[in-house]
Amino acid sequence: FYRTLGANPGRSGHKMAVAAEKEIEDTRAVVTKLFGIKNSNRFIFTFNATDAINMGIKGLLKPGDHAITTYLEHNAVSRALNGLERKNIITVTKVRNSQDGFIDPDDIKNAITSKTRLIVMAHAPNVIGTIQPIADIVRAVKAKNPQTLVHTDAVQAAQFLDIDVKKLGVDLMTISAHKMYGPKGIGALYMRDGIKLEPIVYGGGQEYGLRSGTENVPAIVGFAKTVELAAEWKKNPENSHEIQRLRDYAFEEIRRVVPNAEMNGPAETRLPNNLNVFIPGVDPDTFLVALSEEGVCVSSGSACAARSQKLSHVIRATGKGRHSGCHLRVTLGKFSTREDADALVSAMKKHLSRT
Ligand code: PLP
């Protein structure tokens with residue numbers, strides 16, 4: 001597509017531009033069908049999930065609105081809301097989670113006021129992967145205030161969970177291709193019929209006026225393929241179970257080397273690819289460098305918070321940030337193997353025997 005669809009889509013009216021535009025609309029049709037959505041203009045391609053999340057927050061909230069979120073969110077959510085609150089445009093309530101990292105629908109319900117316009121929260125937060133009861137939360141929200149909208153960040157969940165917007169009942173949803181083995185630099189925002197957003201970026205009027213700027217056609221085409229392949233992969237639950245078994249194996253092996261290692265978050269009801277372990281008494285920076293030198297690529301904190309090994313705010317929110325040591329986030333995937341898990345454990349052993 002980079003070679004064949006070089007033209008700027010649409011507006012110039014010549015053949016190549018029309019072909020590129022058609023490719024985008026065909027792609028949107030594929031994606032909306034997979035999402036079970038009728039109106040394709042409800043699905044806006046963005047440059048990444050951060051872009052979609054910001055659009056769904058800043059494009060929706062108006063002066064005087066109240067929003068609710070949690071302490072488990074990606075910075076794209078928390079900083080977008082904090083920014084509006086700092087400018088005194090909105091007020092924000094952050095709902096606390098259980099020690100295991102779950103949000104109770106009643107706590108959300110109790111935080112709703114007549115001014116609550118929006119709830120923004122992850123289907124499964126990136127740091128500990130706890131699967132939140134989104135459908136129950138939506139039911140609780142609508143029972144208290146039918147005007148309140150729910151925007152779920154399904155970036156981490158999309159590869160593993162059913163993200164049918166109708167079943168979940170959500171009003172807005174964000175996803176990103178690169179968390180589903182697709183290209184980087186392409187995300188999308190779904191919004192239910194009837195929801196109107198103000199653009200947060202103005203320009204040439206692409207994406208129904210909501211996300212101006214020349215579209216990244218090859219990435220959009222790749223996005224559709226990504227969603228298609230993920231839907232196919234999810235049809236067989238064994239695919240997920242296999243990753244989960246490998247994750248559990250990795251944790252058991254870590255515990256053999258570090259008997260006082262602790263799992264952050266629960267053993268169940270979390271994304272199968274997410275392992276977050278506390279290794280007491282080690283310095284996170286030197287530990288991560290040592291693992292990396294052995295070819296093991298894991299992180300502490302949030303990989304998405306650029307170049308920061310600071311203690312993740314999510315770990316702090318689970319009450320586990322008090323002791324010194326490293327909170328190691330190990331992300332597995334469909335290409336991970338037992339050998340990878342063994343390599344992680346032997347690299348850990350090597351470093352720990354030296355220190
Ligand atoms: N939300 C969650 C839960 C994420 O894990 C990430 C990135 O890892 C994002 C949002 C931001 O995604 P992007 O990097 O596509 O902007």
Side-chain angles (χ1 to χ4, degrees), residues 31 43-59 67 69-83 94 97 101-103 118-132 134 137 150-161 163 168 170 172-190 200-201 207 211 213 215-216 219-220 222-224 226-227 230 264-265 270-276 297-310 312-315 317-318 327 329-333:
V31 180
F43 206 90
I44 306 298
F45 291 117
T46 59
F47 291 92
N48 46 45
T50 301
D51 198 17
I53 288 168
N54 273 267
M55 184 196 288
I57 291 175
K58 295 183 196 156
T69 188
T70 82
Y71 288 91
L72 305 175
E73 305 308 315
H74 188 274
N75 281 334
V77 170
S78 29
R79 290 184 179 163
L81 289 168
N82 290 349
K94 283 191 170 180
N97 47 274
F102 292 104
I103 300 295
L118 185 65
I119 318 283
V120 197
M121 62 176 289
H123 195 343
N126 48 325
V127 177
I128 47 172
T130 38
I131 300 169
Q132 304 296 338
I134 295 293
I137 287 171
V150 180
H151 178 170
T152 195
D153 167 0
V155 168
Q156 294 283 337
Q159 177 65 35
F160 301 102
L161 307 180
I163 51 162
L168 292 172
V170 293
L172 300 107
M173 177 185 280
T174 288
I175 56 174
S176 192
H178 73 99
K179 289 291 189 288
M180 305 159 78
Y181 303 95
K184 292 176 185 62
I186 183 77
L189 178 71
Y190 155 78
I200 56 168
V201 171
E207 293 298 296
R211 209 341 171 167
E215 302 92 330
N216 185 350
I220 290 175
F223 185 96
T226 303
V227 175
N264 288 324
R270 75 192 286 160
L271 295 178
N273 66 331
N274 177 289
L275 175 61
N276 199 312
C297 301
V298 289
S299 70
S300 100
S302 160
C304 310
R307 287 163 201 90
S308 138
Q309 295 305 343
K310 270 195 340 215
S312 153
H313 61 274
V314 174
I315 297 298
T318 58
H327 294 271
R329 181 176 160 204
V330 182
T331 309
L332 297 93

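Positions are given from 1 along the sequence. In listed order, ligands and their atoms are each counted from 1.
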Exercise. Please report the shortest heavy-atom distance between His313 and Tyr71, naming the atom on each side.
Key: CD2-O, 3.4 Å
Exercise. Specify the closest pair of heavy atoms between Ala177 and Thr226, including all atoms of both residues, with the distance to one decimal.
Key: O-CG2, 3.7 Å
Quiz item: For atom 5 (O) of ligand 1, which candidate among His74, Glu73, Gln156 provides the closest heavy atom?
Solution: Gln156
Practice problem: Give the single entry among Ser176, Ala52, Ala76 that approaches atom 15 (O) of ligand 1 most closely by any heavy atom. | Solution: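 It is Ser176 whose heavy atom sits nearest to atom 15 (O) of ligand 1.
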Practice problem: Give the atoms of ligand 1, by number and element, whose distance to some non-hydrogen atom of His178 is under 4.0 Å. | Solution: 13 (P), 14 (O), 15 (O)
Practice problem: For Thr50, counting its heavy atoms only, list the atoms of ligand 1 lying under 4.0 Å from any of them. | Solution: 11 (C), 13 (P), 16 (O)
Quiz item: With side chains defined as the heavy atoms from C-beta onward, is the minimum distance between Tyr190 and Ile175 less than 4.5 Å?
Solution: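 No; the side chains remain at least 4.5 Å from each other.
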Exercise. Taking the side chain as every heavy atom from C-beta outward, state whether Leu168 and His123 have any atom pair closer than 4.5 Å.
Key: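 Leu168 reaches His123 side chain to side chain.
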Quiz item: With backbone taken as N, CA, C and O and side chain as the heavy atoms from C-beta onward, which portion of Lys184 lies under 4.0 Å from ligand 1: side chain, backbone, both, or neither?
Solution: neither
Quiz item: Just distances here: any N/O of Asp51 and N/O of ligand 1 closer than 3.5 Å?
Solution: no
Quiz item: Would one find an N or O of Ala49, backbone or side chain, under 3.5 Å from an N or O of ligand 1?
Solution: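 Yes, there is a polar N/O contact under 3.5 Å.
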Practice problem: Look only at the side chain of Asn276 and the backbone of Val127, and say whether a donor-acceptor pair between them is shorter than 3.5 Å. | Solution: yes
Exercise. Could you walk me through whether Asp153 and His74 pass side chain to side chain donor-acceptor pair (under 3.5 Å), step by step?
Key: CA-CA 9 Å; Asp153 167 0; His74 188 274; 5.7 Å; no
